[in-house]
Each structure stands twice: as structure tokens, then as C-alpha cells.
There are 2 protein chains.
Amino acid sequence: MISKTARYALRILGYLVERPGERIQGDQIALATGVPSNYLSKILNQLRKQRIVESQKGWGGGFVLAPRSGRIPILDVVELFDGRIPQRECVFNLGLCDASHPCPLHDHWAQISTQLDGMLRTVTVGELGTVNLENGAQKRPRRKANGTRSR
Amino acid sequence: MISKTARYALRILGYLVERPGERIQGDQIALATGVPSNYLSKILNQLRKQRIVESQKGWGGGFVLAPRSGRIPILDVVELFDGRIPQRECVFNLGLCDASHPCPLHDHWAQISTQLDGMLRTVTVGELGTVNLENGAQKRPRRKANGTRSR
DNA sequence: ATCTCAAGGGATAAACTCATCCACAGAGAG
DNA sequence: CTCTCTGTGGATGAGTTTATCCCTTGAGAT
């Protein structure tokens, strides 16, 4: 229903939400979230292209959540990776299925579909903050806390 | 969420439900349901091993829904192909997530999960009967209606 | 300028799902 | 018995998603 990649993305964002304004290295995020390091860079890259995160190369570089990203619905993130979800179609694709010719599961699915859609539209990235990561560790900065964050 | 294979299976069963006691060839089912012929045989084979359908080889052979199959919940079919669905886990796998340490999406998901689970447990194979197949044709027997169905 | 650090990004591989091919087995017709 | 019909089942292939490798690019430190 929702790809692993999109879930990774939400997980990463949940981690970044809790560290607003703090630039964090990819490796650090990978470590903390459990997302494979190399794959994570691909995901963050896509998020960057959509201006959901901002990145900085070189010494002291890393990723930060973009200022306005807290407000966007998680649907935007999911659709970034999974494409537009064809909510209209019944789960089971049991042949033709619409309001006038409902398949046996249509009504059941319509409710579920509506709720799912509602969740994706209602919950924002900013609300992902309280995520409990598997390994609660890795909250230390891990870098010598250098001052020059001039950008 | 639910694999294409499992959806194929439900579709096939929906077709068979409407033809109780009638032995129908794989090719005929494939034609009517749109499931790829070669793949369909694999699916029906699994359904046979679970005694959900019965099969008959040779001349006049084919598949029939097993007598008691109308009563089984579609969950059984879905789990046959997709394995046990980890309903307890939150969709997003956002780290640890249970009732005591809910992730931000937990409550939303709990509702959806419950409904989905309910649907899979409540709806039976027998209720799949009114499925509208894409190509409403192919209802003709296609074989010389021979009598010997003695088995 | 040069070095090092960390993200960017293309190529490739591994894993999984979906689909096809073909030889075999069993059953009825003749 | 032999022929044909149809399901059985192993092997293989295609396609997609997930993951890894590694070279390049850009930026700050010195």
C-alpha cells in the first residue's frame, strides 16, 4: 500500500522534525533511523529536490528540514515516492467496480479508503516528531560542535 | 497491501462461486477473469492444496469450488498468498509503535487496520459472487456438454 | 591552492513479485 | 492400449523495488 521507500522517508523526516535547524549528516540519520546509508542518500536527494529538506555539502554539511515542511501533509511525501495513489479503485480490482456497479467489497473498501486518504491529508510532517526509533541511542552530536554555521 | 496474486485468487473464486458444482477448465477461467493463463494454474494449484477448490485432470476436467469454501472468510485466501498480515504493526513502521508508545500515526492507523481486518474476516468467499468481470462474455460452456460427471 | 569532508548521482546488483515455458502425470474416450 | 485432454510442477524469465558501489561535485579548513 505504501512502499518501503516512502515509509523510510517519513521515518527520516520524523527524525529531522525533532532537530529543527540542526544540520545532520546522512550517516548519522542512517544510523539513527536504521535506513540503509546508501539508500538514504537517494531518498534525501528526492526530498531535497522537492524542497522538503535542505542540504549542505562539504565540511559541516548535512540535512535540515526546510522551514515550511512542518506544515505539509504526509500525503505529499508518500506521493513523491509512490506516485498518485489511485484511491478510486477498489483494493481487489475485482473487475469493474464503481458506485453504480459495486463489487462485493466496494462498501467496505470505500470506508477504509476514505479513512486512509483522510489520514494522509490530515497528518502533517511536523506531527511525525514523536517517533520512537528502534535504537533510541545516537542522539549525541557525534561531531565536534563547530560554530561556523554561517552557510 | 494485498498482492496482485491474492487479488487474482479472489477474482477467480468470485467467478467459481457463481458456477457452483460446475467443473470449469483453467483456460476458461483465465479467459473470463483476465488472469494470465499460466499464472492462473499456479494460483489454482495453491487453492487446491488448501482444499478451497477441487480439481479434476483429464478429459472433462477442471476446477470447482469446494463445498464448504463459500463459508470461509476471504482473509484465509489473502493469507494463503500474502502470508499472515502483521496487523499489529503500524503501516509506516515508524520505529517502535504500540498502544503504550504510539507513533504519531498510530491512532489513525489503528482505525484503518481494524476496519480492514474486519472486512477480511467478515466477508466470505461466497459473497464474492456478484463480481463484475471486465469482459462479461465467455459464459458459454465452450465444451460439448458431456454427461459423464461421475467423478 | 590544496586537502578533507559530505552530499550528488550514475551504474550495478540483489531480492522479490509476477509471468511464461515446457515436460510430466493422471483421467476419460475410442 | 493408445490418444488426447487438462491439471501438476519444476525451471526459467521479465519487471519492479530495494540496496550497494563508487566516482564526482561542491564547500569549508588550512
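Protein chains get the first letters and strands the later ones, always in sequence-line order, with residue 1 at the start of each. Nothing here was measured: the structure is a model prediction, and the numbers come from that model.
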I need the CZ-P distance between B/Arg7 and C/dC18, as an integer number of Å.
8 Å

Protein-nucleotide distance (B/Lys57, atom NZ; D/dT6, atom P), rounded to Å:
14 Å

Between D/dC5 (C1') and B/Ile24 (CD1): distance, integer Å
17 Å

Please test B/Thr114 against B/Gln111 for side-chain hydrogen bond (donor to acceptor under 3.5 Å, both in side chains), starting from the C-alpha separation and ending with a verdict.
CA-CA 5 Å; B/Thr114 300; B/Gln111 279 187 51; over 6 Å; no

Please lay out, stage by stage, how A/Tyr8 and A/Thr33 fare under the test side-chain hydrogen bond (donor to acceptor under 3.5 Å, both in side chains).
CA-CA 8 Å; A/Tyr8 278 162; A/Thr33 58; over 6 Å; no

Please tell me if A/Lys49 has a side-chain N or O lying less than 4.0 Å from either OP1 or OP2 of C/dG9.
yes

Rounded to whole Å, please give me the gap between CG in B/Leu16 and P in D/dG7.
11 Å

Take the protein atom CD of B/Gln28 and the nucleotide atom P of D/dG7, then report the distance between them rounded to whole Å.
11 Å

Would you say B/Arg48 reaches D/dT8's phosphate, i.e. side-chain N/O to OP1/OP2 under 4.0 Å?
yes

Go through C/dA6, D/dG28, D/dT20 for me and flag the one nearest to the A/Tyr39 side chain.
D/dT20

If I take atom CZ from residue B/Phe63 and atom CD1 from residue B/Ile29, how far apart are they, to the nearest 0.5 angstrom?
6.0 Å

Verify the contact: side-chain N or O of A/Tyr8 to OP1 or OP2 of D/dT18, cut-off strictly under 4.0 Å; return yes or no.
no

Pick the nucleotide of DNA chain D nearest each of A/Thr5 and B/Lys42; which residue has the one closer to the 5' end?
B/Lys42

Sub-3.5 Å donor-acceptor pair from the side chain of A/Ser41 to the main-chain atoms of A/Asn38, do we have one?
yes

Of the candidate nucleotides C/dA19, D/dG9, C/dC18, which contains the atom at the shortest distance from the side chain of B/Asn45?
D/dG9

Below 4.0 angstrom from OP1 or OP2 of D/dA19, is there any side-chain N or O of A/Lys4?
yes

Please tell me if B/Asn38 has a side-chain N or O lying less than 4.0 Å from either OP1 or OP2 of C/dA19.
no

Pick the nucleotide of DNA chain D nearest each of B/Phe63 and A/Leu40; which residue has the one closer to the 5' end?
B/Phe63

What's A/Ser3 touching, base or sugar-phosphate or nothing? Going by heavy atoms closer than 4.0 Å.
sugar-phosphate

Taking atom C1' of C/dG9 as reference, at what distance in whole Å does atom CG of A/Leu47 sit?
16 Å

Could you measure the distance from the OG atom of B/Ser3 to the CZ atom of B/Phe81? Nearest 0.5 Å is fine.
8.0 Å

Nucleotide of C/dA19, D/dA27, C/dG28 approaching B/Gln56 most closely (side-chain heavy atoms):
C/dG28

Atom CD of A/Gln25 and atom P of C/dT4 are separated, to the nearest Å, by 17 Å

For B/Asp82 and C/dC16, give me the distance from atom CG to atom P, rounded to whole Å.
15 Å

Please determine whether a side-chain nitrogen or oxygen atom of B/Ser55 lies at a distance below 4.0 Å from atom OP1 or OP2 of D/dT8.
yes

